[in-house]
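See structure below.
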Amino acid sequence: MTAGEMYGQAQADEPDVAWSATAPALTTYLRYVRTEVRRAWRNPRVLIFMLVLPIILFAAFSSSSGDDRLGGLTVAPYIMISMASFGAMNAVLGTAGRISLERSIGWNRQLRLTALSGPQYVLGKLGVGFSLAVLPIVAVYVAGASMRGVHLSVGTYVGAGVSILLGLVPLGAFAIWLGYLVRPENMQAIIGGLFSLLALAGGIWVPVENFPDWLADIVKLLPMFWSAQAGRAVLEGGWVGARGLITLVVWTLLLGAAAGRAYLRDQLRT
């Protein structure tokens, strides 16, 4: 065989070599995500808090006459999106607690002995949080239809749900950063306070239209407002808009960079 033929054969074999190296890592990652999702979905305390509380709050806040309006929507659809965002936010923010707990017991160090890479571990945790976030969205949709007669097209339901999840991407980056920053014993208190502030900033408890002008201007610089607004915009027949999209992208980049630095520091320490 000539040198040219040998080079050609080597080039032809490269995809097979690359795939043989990639396949085990990919298989390990998919198995890890599947196991984590199953474990999270079997946790009754997590599911009850994520599912029951948003439905109770929806039932309490959405009772009004059919003509009352909040923002550009009647009350029931507005509260439905708010409570769906609330439950989804809870699910995504829970990523911080799972990362922090596993760091404290050294489980993340054990996983480094497997084919699972560090970035795959982080993305797996984030995937679990977003998979759980689908549950309260669907649950509140069902509550809206059964309790208040909110009936939308399938496309509107799906579009609003996807918009809520995409709007929560900055919060996912924030949860990763928090998981590598805060110890488990302090996480519950910090998450509780942040959860209330984020819900307030998203207009979940009080519509931003009711805020003083100076406070509304500040809130609209924060990602949580646009995360909730993304779902409402779909119900109004539009989208979150260029300002909202830019705000979400900028916060995703900033918080993603902070999460990356915290992850690298943790890798160097352990």
field: Min side-chain heavy-atom separation R148-M80 under 4.5 Å
entry: no
Looking only at atom types and distance, does a side-chain atom of S104 sit under 3.5 Å from a main-chain N or O of L101, one as donor and one as acceptor? yes
Students should find that the hydrophobic cluster of L254, defined by side-chain heavy atoms under 4.5 Å apart, otherwise consists of I246, V250
F58 side chain reached by S82 side chain, heavy atoms, under 4.5 Å
no
* Asked: Are M147 and I55 close enough that some pair of their side-chain heavy atoms sits under 4.5 Å apart?
  -> yes
- Message: Is there a path of hydrophobic side-chain contacts, each under 4.5 Å between heavy atoms of I/L/V/M/F/W/Y residues, joining L215 to V208?
- Response: yes
**Asked** Any side-chain heavy atom of F211 sitting closer than 4.5 Å to one from L200?
**Response** yes
Does W226 reach the main-chain N or O of K220 with its side chain, forming a donor-acceptor pair under 3.5 Å?
yes
Self-check item: Under 3.5 Å: donor-acceptor pair, side chain of T252, backbone of L248
Solution: yes
One should read off an interatomic distance between R261 CZ and L181 CG, to the nearest 0.5 angstrom, of 11.5 Å
- Is there side-chain contact between L197 and M224, with at least one heavy-atom pair below 4.5 Å? no
Under 3.5 Å, which donor-acceptor pairs link side chains of residues 170-179 to any protein atom two or more places apart or in another chain?
none

Exercise. Give a yes or no on whether V234 and I137 share a hydrophobic cluster (residues Ile, Leu, Val, Met, Phe, Trp, Tyr; joining criterion: side-chain heavy atoms under 4.5 Å apart).
Key: no
query = Same cluster or not: are L253 and V92 linked, directly or through other Ile, Leu, Val, Met, Phe, Trp or Tyr residues, by side-chain heavy atoms under 4.5 angstrom apart?
reply = yes
Review point. Using a distance-only test with no angle check, is there a side-chain donor-acceptor pair under 3.5 angstrom linking S85 and R232?
Key: no
Hey, are the side chains of V140 and F86 touching, using non-hydrogen atoms and a 4.5 Å cut-off?
no
With heavy-atom distances below 4.5 Å as the criterion, would you say the side chains of L93 and L198 are in contact? yes
Side-chain polar contacts of residues 151-169 - donor-acceptor pairs under 3.5 angstrom, sequence neighbours left out - could you list them?
from : atom 1 : to   : atom 2 : distance (Å)
S153 : OG     : T156 : N      : 3.1
S153 : OG     : T156 : OG1    : 2.7
Y157 : OH     : V150 : O      : 3.0
Y157 : OH     : L152 : N      : 3.4
S163 : OG     : G159 : O      : 2.8

Side-chain heavy atoms nearer than 4.5 Å, only ILVMFWY residues, links allowed to pass through others: does that put L135 and V138 together? yes
dist R98:CZ -> R103:CZ (nearest 0.5 Å) comes out at 15.5 Å
So OG of S100 and OH of Y180: to nearest 0.5 Å the spacing works out to 10.5 Å
